[in-house]
Student: 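Structure in structure tokens, see below.
Treat the numbers as computed from the prediction; the structure is a model and nothing was measured.
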Amino acid sequence: MSANTMISTKTSRVQWIAKVSVLSAIAFILMMFEIPLPFAPSFYKLGFDEVIVLLGGFSLGPLAGAAIETMKIILNLLFQGSDTAFVGEISNLLVGLSLVLPSAFFYKNHKTMKGAFISMGVGVLSMAFVGCLANYFIALPAYSYFYGLQMSVIVGMGSAIFPLVKDTFTFVIFMTLPFNIVKGLVVSFVTALLYKRVSPLLHR
């Protein structure tokens, strides 16, 4: 490998790290501006931090998307802390990775407008599925334990909005699943609007 090639490779690596760091910081900041949705319990909030993660994954590759998602969570823990002994953050991380990794991997091999929409569709479906599993087995039990709430109280929050919610399973089906689908679609829509505008900056 020539000296020029080594310098170019090192420069590209430094630029990659710098871009991932900046995007991680932006995603972290956006995490603090989440909004509740009327059809979901108050602890389910819509944020736009995953837009930044997707933009990074599409522009810089799946590894960058995973790194931004992970760094965003770490920054949130450092500055905001955790009231669920990291369980909520782990669940958040799993759901975020389930969106960005399938999307970025698919888009990496299908860099067309059609490929972009398919990749986001794949990501939304993956996010919806993993989100249900993460909430059923991790997040909801964690909220119940660390907030000292009976699971029946959490289920009651769901049934007050949608009467068919009777237990943890139906809570996940009628609350978690629609929330993650709506969140995934909104994030994908905003990403589609922004990607062509910010892509030249990220590819410099």
Side-chain angles (χ1 to χ4, degrees), residues 19-20 22-76 80 88-135 138-139 172-203:
K19 291 173 183 176
V20 167
V22 170
L23 290 173
S24 299
I26 296 172
F28 158 64
I29 292 171
L30 288 177
M31 280 187 76
M32 295 186 287
F33 298 96
E34 297 178 318
I35 56 175
L37 295 178
F39 62 85
S42 58
F43 53 83
Y44 281 167
K45 295 181 180 180
L46 175 64
F48 294 95
D49 45 291
E50 301 299 347
V51 172
I52 306 301
V53 179
L54 268 184
L55 289 172
F58 283 175
S59 300
L60 305 173
L63 180 60
I68 296 166
E69 181 68 38
T70 304
M71 285 301 300
K72 175 196 75 173
I73 298 296
I74 292 174
L75 287 170
N76 188 65
Q80 302 292 323
E89 287 72 27
I90 291 172
S91 177
N92 191 314
L93 176 64
L94 291 175
V95 172
L97 291 176
S98 71
L99 171 66
V100 68
L101 286 178
S103 298
F105 271 116
F106 189 92
Y107 183 71
K108 184 178 180 180
N109 299 307
H110 303 83
K111 291 193 174 184
T112 63
M113 182 175 292
K114 180 181 178 181
F117 282 108
I118 293 176
S119 69
M120 287 186 285
V122 170
V124 171
L125 292 176
S126 172
M127 179 183 178
F129 177 72
V130 173
C132 286
L133 294 180
N135 274 265
I138 300 175
V172 168
I173 295 299
F174 294 118
M175 295 285 108
T176 307
L177 181 60
F179 171 78
N180 280 321
I181 290 176
V182 170
K183 179 178 179 178
L185 290 174
V186 170
V187 166
S188 297
F189 177 73
V190 176
T191 301
L193 290 178
L194 294 178
Y195 182 66
K196 288 299 182 182
R197 293 173 173 82
V198 303
S199 180
L201 298 174
L202 295 175
H203 282 104

Student: Taking all heavy atoms of S103 and all of S119, pick out the closest pair and write down the distance.
Tutor: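 So the minimum-distance heavy-atom pair works out to OG-O, 3.0 Å.
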Student: Between N92 and G88 (side chain of the first, backbone of the second, donor and acceptor by atom type, cut-off under 3.5 Å), is there such a pair?
Tutor: no
Student: Does any non-hydrogen side-chain atom of K45 lie less than 4.5 Å from one of F33?
Tutor: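 A side-chain contact is absent here, since even the closest heavy-atom pair is not under 4.5 Å.
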Student: Could you go step by step and tell me if V53 and L99 meet the side chain to side chain contact (heavy atoms under 4.5 Å, CB included) rule?
Tutor: CA-CA 9 Å; V53 179; L99 171 66; over 6 Å; no
Student: To the nearest 0.5 Å, what is the distance between CD1 (I173) and SG (C132)?
Tutor: 5.5 Å
Student: Once rounded to the nearest 0.5 Å, what's the spacing between atom CE of M31 and atom CD1 of I26?
Tutor: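 Here the rounded value is 15.0 Å.
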Student: Quick check: do V182 and F39 have side-chain heavy atoms less than 4.5 Å from each other?
Tutor: yes
Student: Decide yes or no for L23 and L55: does some side-chain heavy atom of the first lie under 4.5 Å from some side-chain heavy atom of the second?
Tutor: no
Student: Between L46 and E34, is a side chain to side chain contact (heavy atoms under 4.5 Å, CB included) present by the stated rule, with each step listed?
Tutor: CA-CA 5 Å; L46 175 64; E34 297 178 318; over 6 Å; no
Student: Write down the atom of G65, the atom of V100, and the distance for their closest heavy-atom approach.
Tutor: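 Nearest heavy atoms, G65 then V100: CA-CG2, 3.8 Å.
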Student: Strictly below 4.0 Å, N to O, side chains only: are E89 and K72 in salt-bridge contact?
Tutor: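 The answer is no: the pair does not qualify as a salt bridge.
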Student: L101 and P62: which non-hydrogen atoms are nearest, and at how many Å?
Tutor: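 In this case the closest contact between L101 and P62 is CD2-O, 3.7 Å.
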Student: Where do I118 and F106 land on the side chain to side chain contact (heavy atoms under 4.5 Å, CB included) test, with the steps shown first?
Tutor: CA-CA 8 Å; I118 293 176; F106 189 92; 3.4 Å; yes
Student: CD/E50 to CG/L30 distance, rounded to the nearest 0.5 angstrom?
Tutor: 10.5 Å
Student: Return the CG to NZ distance between L63 and K108, rounded to the nearest 0.5 Å.
Tutor: 9.0 Å
Student: Would you indicate whether the side-chain heavy atoms of L94 and S98 approach each other to under 4.5 Å?
Tutor: no
Student: Between atom CG of L75 and atom OG1 of T70, what is the distance when rounded to the nearest 0.5 Å?
Tutor: 11.0 Å
Student: What I'd like to find out is whether the side chain of L194 reaches to under 4.5 Å of the side chain of V51, using heavy atoms alone.
Tutor: yes
Student: Determine the sole option in V187, L185, L193 for which the side-chain contact (heavy atoms from CB on, under 4.5 Å) test with F189 is passed.
Tutor: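 Result: among V187, L185, L193, L193 is the only option passing the side-chain contact (heavy atoms from CB on, under 4.5 Å) with F189.
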Student: Can you tell me how far CD1 of I74 sits from CD of E69, rounded to the nearest 0.5 angstrom?
Tutor: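 Answer for the CD-CD1 pair, E69 versus I74, is 11.0 Å.
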Student: Hey, does Q80 have a side-chain heavy atom less than 4.5 Å from the side chain of M32?
Tutor: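 Side-chain contact under 4.5 Å: yes.
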Student: Taking all atoms of both residues into account, what is the closest heavy-atom pair of N180 and G131, and its distance?
Tutor: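 Taking N180 first and G131 second, the nearest heavy atoms are ND2-CA, 3.6 Å.
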Student: Please determine whether side chain to side chain contact (heavy atoms under 4.5 Å, CB included) holds for the pair T112 and Y107, giving the CA-CA distance in whole Å, both sets of side-chain angles, and the decisive distance to 0.1 Å.
Tutor: CA-CA 8 Å; T112 63; Y107 183 71; over 6 Å; no
Student: Of the non-hydrogen atoms in M127 and G184, which two are nearest, and what is the gap between them?
Tutor: SD-CA, 4.1 Å
Student: Could you check whether any side-chain heavy atom of T191 comes within less than 4.5 Å of a side-chain heavy atom of F58, counting everything from C-beta outward?
Tutor: yes
Student: Which atom names give the shortest non-hydrogen contact between F48 and V190, and what distance separates them?
Tutor: CE2-CG2, 4.0 Å
Student: Do V172 and L177 have side-chain heavy atoms sitting under 4.5 Å apart?
Tutor: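 A side-chain contact is absent here, since even the closest heavy-atom pair is not under 4.5 Å.
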